[in-house]
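I have placed the structure first, in the form of structure tokens, so that the comments after it can refer back to it.
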Amino acid sequence: MKNITILGSTGSIGTNALKVIEAKKEKFKVIAMSAYSNLELFKEQVEKFNPTYLCIGSEKNAKILRELYPEKIICFGDEGLKAMGALEEADIVLTAISGAIGIEATVEAIKKEKRIALANKETMVAAGEYINKLLQKYPKAEIIPVDSEHSALFQSMQGNRKEEIKNLIITASGGPFRGKSLKELEEVTIEQALKHPNWSMGKKITIDSSTLVNKGLEVIEAHMLFGIGYENIEVLVHPQSIIHSMVEFVDNSIIAQMGAPDMKLPIQYAFTYPKRENSRVLERLSLKTLTELTFSQVDNKVFKGVELAFQAGKTGKTMPCVFNSANEVAVELFLEGKIKFLEIYEIIERAMKFHKVREMDSLEVIKDVDKETRKWVYSNYARD
Ligand code: NDP
Ligand code: MG
């Protein structure tokens with residue numbers, strides 16, 4: 001029996017993880033769960049999975065939960081989240097929170113040498129260098145990727161040595177605006193950007209997929225997770241989202257991982273690795289109905305998110321943190337109707353230009369840079 005902590009149980013990854021766990025009750029037990037604002041769904045989940053530890057966004061909601069469940073240990077806010085990452089009883093911590101807010105809980109889980117099933121890519125982007133240093137200090141801690149591309153890369157690497165890897169090829173669906181021109185993107189609406197062709201996900205990552213900033217984040221995430229240089233990471237548009245990514249080896253052999261576009265598979269793999277298991281909740285890919293698998297280059301003149309990420313990644317140190325924080329605020333402002341779609345790129349580019357790169361040697365530096373970047377974006381773009 002493996003004890004699992006789910007940070008962000010009410011989100012898209014969180015609810016999929018609960019489906020995976022429910023289908024394998026004899027193997028997995030949820031011991032801790034966190035939500036932010038969705039109290040109603042959280043209560044349903046608590047009743048069904050009966051975890052010992054709960055964490056919610058506000059003190060007010062924590063009070064409500066304490067009255068409902070006096071026998072449980074209940075915390076709230078950022079400090080509560082941190083405590084959830086540090087629980088001794090957990091075997092696996094699934095980080096399914098959206099945004100850099102997930103960093104500290106991940107750090108705590110590393111210090112406790114847990115397996116981290118990492119969905120929260122922003123942590124690896126904003127704090128990757130720091131996290132990697134920490135992993136050296138706590139060698140029993142391990143990060144198993146949940147992001148479908150990184151799970152695919154990780155799966156494709158199994159049984160091979162790192163020195164044998166030539167290139168990582170990350171596939172991208174291209175999002176809802178694939179093939180559009182810059183002119184056509186000028187007046188894009190929130191509703192249009194929220195319509196992803198292949199995946200159903202939280203709002204933030206759905207916008208990131210429409211700008212392709214998500215692919216940029218994934219390039220940095222791949223570099224940080226697998227230690228492969230940026231010159232050996234490629235992005236390829238593959239609209240069918242069937243090949244989730246590929247590894248090219250020194251002998252020019254390419255190994256790809258294929259599957260239905262369903263996050264339950266990478267979630268379960270991160271739980272069961274190094275084993276694979278059958279489950280009734282996993283979707284099967286029907287090759288008989290697959291008519292084509294196509295590939296093309298990213299239109300970097302329109303979708304600037306990928307190139308900006310390469311730039312941030314190659315600069316390294318605190319620059320990826322700026323890339324991430326600027327994007328987080330830009331997406332928030334876009335979803336509030338305060339900026340236009342293309343201003344998301346402008347914000348990231350300007351924030352990166354404005355930033356003076358620092359060594360990433362402590363959590364404090366990351367917090368400072370994150371705060372400074374957010375402040376800069378708000379003060380320049382948060383119009384009424
Ligand atoms: P969602 O927006 O659906 O869920 C986010 C979760 O985090 C919810 O449980 C939410 O709580 C909680 N949350 C939000 N803000 C805070 C906060 N300030 N403090 C604590 N908790 C908070 O996101 P997704 O599930 O789509 O994505 C989660 C992560 O996984 C992201 O990093 C994303 O990039 C990554 N990912 C997601 C994929 C997907 O298919 N969805 C695929 C690959 C990666 P509440 O709802 O209660 O407010
Ligand atoms: Mg992905």
Side-chain angles (χ1 to χ4, degrees), residues 5-19 33-46 54-58 61-62 65 75-85 94-106 116-127 145-154 170-175 194 196 198-209 212-222 225 235 238 241 243-245 257 259-267 270 324 327-328 331-332 335 370 374:
T5 295
I6 302 184
L7 305 179
S9 66
T10 45
S12 158
I13 293 285
T15 46
N16 271 311
L18 289 174
K19 285 182 196 153
M33 249 165 44
S34 90
Y36 186 62
S37 57
N38 193 344
L39 187 63
E40 287 315 304
L41 176 59
F42 196 50
K43 283 194 296 197
E44 278 173 36
Q45 295 178 335
V46 172
L54 309 179
C55 181
I56 190 90
S58 68
N61 282 340
L65 289 172
C75 54
F76 65 91
D78 296 350
E79 282 306 309
L81 206 58
K82 234 173 110 174
M84 298 284 282
L94 171 68
T95 63
I97 288 171
S98 181
I101 196 80
I103 295 173
E104 286 196 78
T106 309
I116 294 139
L118 182 117
N120 178 231
K121 67 188 84 183
E122 293 91 343
T123 283
M124 261 346 253
V125 175
V146 168
D147 208 350
S148 57
E149 294 75 4
H150 304 76
S151 177
L153 293 171
F154 185 64
I170 301 178
T171 53
S173 73
L194 282 175
H196 195 281
N198 303 345
W199 298 92
S200 158
M201 311 177 283
K203 276 189 182 173
K204 195 260 174 183
I205 183 175
T206 306
I207 299 298
D208 287 347
S209 301
L212 261 70
V213 167
N214 182 50
K215 231 21 79 174
L217 293 167
E218 291 181 352
V219 165
I220 303 175
E221 183 187 10
L225 285 172
V235 175
H238 165 54
S241 296
I243 292 183
H244 298 304
S245 279
Q257 187 260 339
D262 171 14
M263 288 308 295
K264 292 193 284 305
L265 170 62
I267 293 168
N324 179 67
N327 177 60
E328 282 191 26
V331 170
E332 195 183 303
L335 286 170
D370 177 56
R374 281 167 200 272

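In listed order, ligands and their atoms are each counted from 1. Scope of the values below: all heavy atoms of this structure, side chains included, with no hydrogens, waters or symmetry mates.
The count of protein N, O or S atoms under 2.8 Å from the Mg ion (ligand 2) stands at 3, with waters excluded from the count.
A search for side chain to side chain donor-acceptor pair (under 3.5 Å) contacts involving Asn198 returns Ser241, not counting sequence neighbours. Listed by chain and number, the residues in a side chain to side chain donor-acceptor pair (under 3.5 Å) with Thr123 are Asn120 (sequence neighbours excluded).
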>> Between Glu122 and Lys204, is the salt bridge (Lys or Arg N to Asp or Glu O under 4.0 Å) condition met? List the steps.
In response: CA-CA 11 Å; Glu122 293 91 343; Lys204 195 260 174 183; 2.9 Å; yes

> Checking salt bridge (Lys or Arg N to Asp or Glu O under 4.0 Å) for the pair Asp78/Lys82: CA distance, chi angles, key distance, verdict?
Replying inline: CA-CA 6 Å; Asp78 296 350; Lys82 234 173 110 174; over 6 Å; no

>> For Met33 and Thr10: C-alpha separation, side-chain torsions, deciding distance, then whether side-chain contact (heavy atoms from CB on, under 4.5 Å) applies.
In response: CA-CA 9 Å; Met33 249 165 44; Thr10 45; over 6 Å; no

> Can you list the steps and then say if Asp208 with Lys215 is a side-chain contact (heavy atoms from CB on, under 4.5 Å)?
Replying inline: CA-CA 8 Å; Asp208 287 347; Lys215 231 21 79 174; over 6 Å; no

> Between Glu218 and His150, does a side chain to side chain donor-acceptor pair (under 3.5 Å) hold up when you go through it step by step?
Replying inline: CA-CA 8 Å; Glu218 291 181 352; His150 304 76; 5.0 Å; no

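A distance limit of 4.0 angstrom between heavy atoms and ligand 1 selects the residues Gly8, Ser9, Thr10, Gly11, Ser12, Ile13, Ala35, Tyr36, Ser37, Asn38, Leu81, Ala96, Ile97, Ser98, Ala119, Asn120, Lys121, Glu122, Asp147, Met201, Gly202, Ile205, Met263.
Put simply, the side chain of Ser173 does not reach to within 4.5 Å of the side chain of His238, judged on heavy atoms.
Counted by atom type alone, Lys121 and Asn214 present one or more donor-acceptor pairs between their side chains at under 3.5 Å.
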